[in-house]
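Basis for what follows: all heavy atoms, side chains included, without hydrogens, waters or symmetry-related copies. Because the structure is predicted, anything quoted here is derived from the model rather than measured.
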Amino acid sequence: MNLNYKIVFHLLVIFIITACNKHVSDEMKTKIDNEKPSESILDVSPEKLDRFGITNKEYLSTASKRALQWKYVENDWYRVFNQMKPLKGDLAYEEGVVRRDPSAVIKVDGLYHVWYSKSIGKTDGFGGDIENDKVFPWDRCTVWHATSEDGWTWKEDKEVAVPLGEKGTYDDRSIFTVEVMEWDGFYYLCYQTIKSPYDVRTKNEVGLAWSNSPFGPWEKSNEPILKPAENGIWKGEEQNRFNVEKKGDFDSHKVHDPCILPYNGKFYLYYKGEQMGEEIMYGGRQIRHGVAVADNPKGPYIKSKYNPISNSGHEICVWPVDEGIASLITTDGPERNTFQWSPDGINFEIRGAVKGANMPHAIGLNRTIEATRENPTAIFDWGLSHVYNSWNYQSIMRFDSYRKTSHVAQGAKTPDGKKEKNKQKDN
Ligand code: AAL
């Protein structure tokens, strides 16, 4: 090749490379532009800017851009909780006894009913004789039942509602964190189960019992109705739940806090997952929720392919409203203390928040109160939750809350010219 040809050839190669790079970078740019919240789709009308108090649409901070992208800015879902109040009768605090994780409250034949975990004695923790010790306050629990005429004074049944299984069965060690579903003349209790021994790597499962009376007797499923995912791998033999080769799905260690809702002709079992090798990540423990769906209350429950269906949360607190399912996300993760709603029981979006103060976290919803489109959080008017009297002992108390629509000084008027109800309770 003579010199001229060489130069031409080199120029051609450079041209092709540059053209390709340009093509790639244009493509990349489009992709990045598409991924970036585009300012052109933000509503920066004078009305919107005024409502949000944004000074200059040419200088939108990232936070202002995010605010302009919020889908739900109305106030339908904002709640404030008052301080919880003690119950009377058999559910008043009792030294030496754990009563915790109340189910939803239902009303049958004029009486309120609740189920809960109960155990006796202090917690020993791990590291001792795990065959005989009590490793958590919710270890060595069984499910108990109480009734009340007014929701304040409760009478506990003389006998346990759901006892432990025989030695060697999946629920021979602890049965706890129960929820109730009433369906077609039957009552269904779903709950967490532990098979002995209870060590930090023990898998936690979900069991089910049913009866045609809230007073039982209860018939139990022979097998768990839900189990942790099996795709995590522990590292080594040492009892340490943080040592993993592979973490596996969000629910590879424990399936917890089960709650079944009849929905769209099927049964949606919501639950909390705990993952092997759990980390503290972005604002809390790595806790996420999942759902498993069945055609019949007794199962089989098939986990949704969309799991996990939350990125935050802890105890499950779900209720049907406006043809969808709502969820209160508590305790863990960046979206904690938010109300979320999904049109299909699976795809949840944030609709509002709760004020953190006095927030009950292990809520037993009062299913006698209907939530409506106009007041989607009405179900939180009152209900039950537990409190930690100490690490060893918990008791069930009553919460109440109200919807907050404006921030009004004492004696001043609300936007609709009235005095705000409950003002004295705000703190
Ligand atoms: C609760 C629940 C489950 C856990 C324990 C008892 O907050 O998430 O029930 O197992 O703590």
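- Salt-bridge formation is not detected for the pair Asp171/Lys195: no Lys NZ or Arg NE/NH1/NH2 atom is positioned less than 4.0 Å from an Asp or Glu carboxylate oxygen.
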Trace of the side chain to side chain contact (heavy atoms under 4.5 Å, CB included) decision for Asn337 with Ile329:
CA-CA 6 Å; Asn337 294 357; Ile329 297 289; over 6 Å; no
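- In this structure the side chain of Tyr191 never reaches within 4.5 angstrom of the side chain of Thr177, judged on heavy atoms.
- A cation-pi geometry, defined here as NZ or CZ lying under 6.0 Å from the six-membered ring centre and within 45° of its normal, holds between Lys107 and Tyr112.
- Summarising the local packing, NZ of Lys85 is surrounded by more than 12 heavy atoms from other residues, nucleotides or ligands at distances under 6.0 Å.
- When ring centroids are compared, His289 and His314 stay outside the 6.0 Å threshold.
- For Glu94, the CD atom sits in a packed shell: over 12 heavy atoms of surrounding residues, nucleotides or ligands are nearer than 6.0 Å.
- In the model, Asp416 has a side-chain atom that pairs as donor or acceptor with a side-chain atom of Thr414 under 3.5 Å.
- Going from atom OH of Tyr187 over to atom CH2 of Trp115 covers 7.5 Å, rounded to the nearest 0.5 Å.
- Gln340 and Thr338 share a side-chain donor-acceptor pair at under 3.5 Å.
- For Tyr282, the OH atom counts as loosely surrounded, since its 6.0 Å shell holds 12 or fewer non-hydrogen atoms of other residues, nucleotides or ligands.
- Of the inter-residue distances, the one linking Tyr402 atom OH with Tyr78 atom OH reads 8.0 Å to the nearest 0.5 angstrom.
- For the pair Lys88 and Trp154, the cation-pi criterion (under 6.0 Å, within 45° of the ring axis) is not fulfilled.
- Under the 4.0 Å criterion applied to side-chain N and carboxylate O atoms, Arg100 and Glu315 are not assigned as salt-bridge partners.
- Within the 4.5 Å cutoff, the side chain of Tyr270 has no heavy atoms near those of the Pro258 side chain.
- Of all the heavy atoms in Thr202 and Lys254, the pair that sits closest is O-CE, 4.3 Å.
- Summarising the geometry, atom NZ belonging to Lys155 is positioned 10.5 Å from atom CG belonging to Leu111; distances are rounded to the nearest 0.5 Å.
- In summary, Arg398 and Asp150 do not engage in a salt bridge, as defined by a charged side-chain N under 4.0 Å from a carboxylate O.
- Salt-bridge formation is detected for the pair Asp124/Lys122: a Lys NZ or Arg NE/NH1/NH2 atom is positioned less than 4.0 Å from an Asp or Glu carboxylate oxygen.
- Side-chain atoms of Glu335 and Asn311 form a donor-acceptor pair, as typed in the model, at a separation below 3.5 Å.
- No hydrogens or angles considered: a donor-acceptor pair under 3.5 Å links the side chains of His256 and Gln192.
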For side chain to side chain contact (heavy atoms under 4.5 Å, CB included), just list the numbers for Phe267 and Met181, CA-CA rounded to whole Å, side-chain angles, deciding distance to a tenth of an Å, and then say yes or no.
CA-CA 10 Å; Phe267 298 87; Met181 175 181 71; 3.8 Å; yes
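- We find the NZ-OG distance between Lys134 and Ser174 to be 8.5 Å, quoted to the nearest 0.5 Å.
- Under the 4.0 Å criterion applied to side-chain N and carboxylate O atoms, Glu274 and Lys272 are assigned as salt-bridge partners.
- In this model, a donor atom of one side chain and an acceptor atom of the other lie less than 3.5 Å apart for Ser401 and Arg79.
- When the shell of 6.0 Å around OH of Tyr306 is examined, it contains 12 or fewer heavy atoms from other residues, nucleotides or ligands.
- Side-chain polar atoms of Tyr116 and Glu156 form a donor-acceptor pair below 3.5 angstrom.
- By the 4.0 Å N-to-carboxylate-O rule, Arg173 lies close enough to Asp139 to be salt-bridged with it.
- Salt-bridge check for Lys247 with Glu279: passed, with a basic side-chain N closer than 4.0 Å to an acidic carboxylate O.
- Looking only at side-chain heavy atoms (C-beta outward), Ser312 and Arg288 stay at 4.5 Å or farther from each other.
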Between Trp234 and Asn243, is a side chain to side chain contact (heavy atoms under 4.5 Å, CB included) present by the stated rule, with each step listed?
CA-CA 6 Å; Trp234 296 119; Asn243 285 353; over 6 Å; no
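- Checked options Tyr268, Trp319, Trp183; the residue passing with Tyr263 is Tyr268 (criterion: ring pair (Phe, Tyr, Trp, His ring centres under 6.0 Å)).
- Ion pairing between Lys303 and Asp251 holds under the 4.0 Å rule for side-chain N and carboxylate O.
- Atom CD of Gln239 is surrounded by more than 12 heavy atoms from other residues, nucleotides or ligands within 6.0 Å.
- Side-chain polar atoms of Asn389 and Ser395 form a donor-acceptor pair below 3.5 angstrom.
- The cationic atom of Arg351 (NZ for Lys, CZ for Arg) lies less than 6.0 Å from the six-membered ring centre of Tyr72 and within 45° of the ring axis.
- In this structure, the side chain of Arg403 does not engage the main chain of Pro376 through any donor-acceptor pair within 3.5 Å.
- How far CG of Leu328 is from SG of Cys317: 5.0 Å, rounded to the nearest 0.5 Å.
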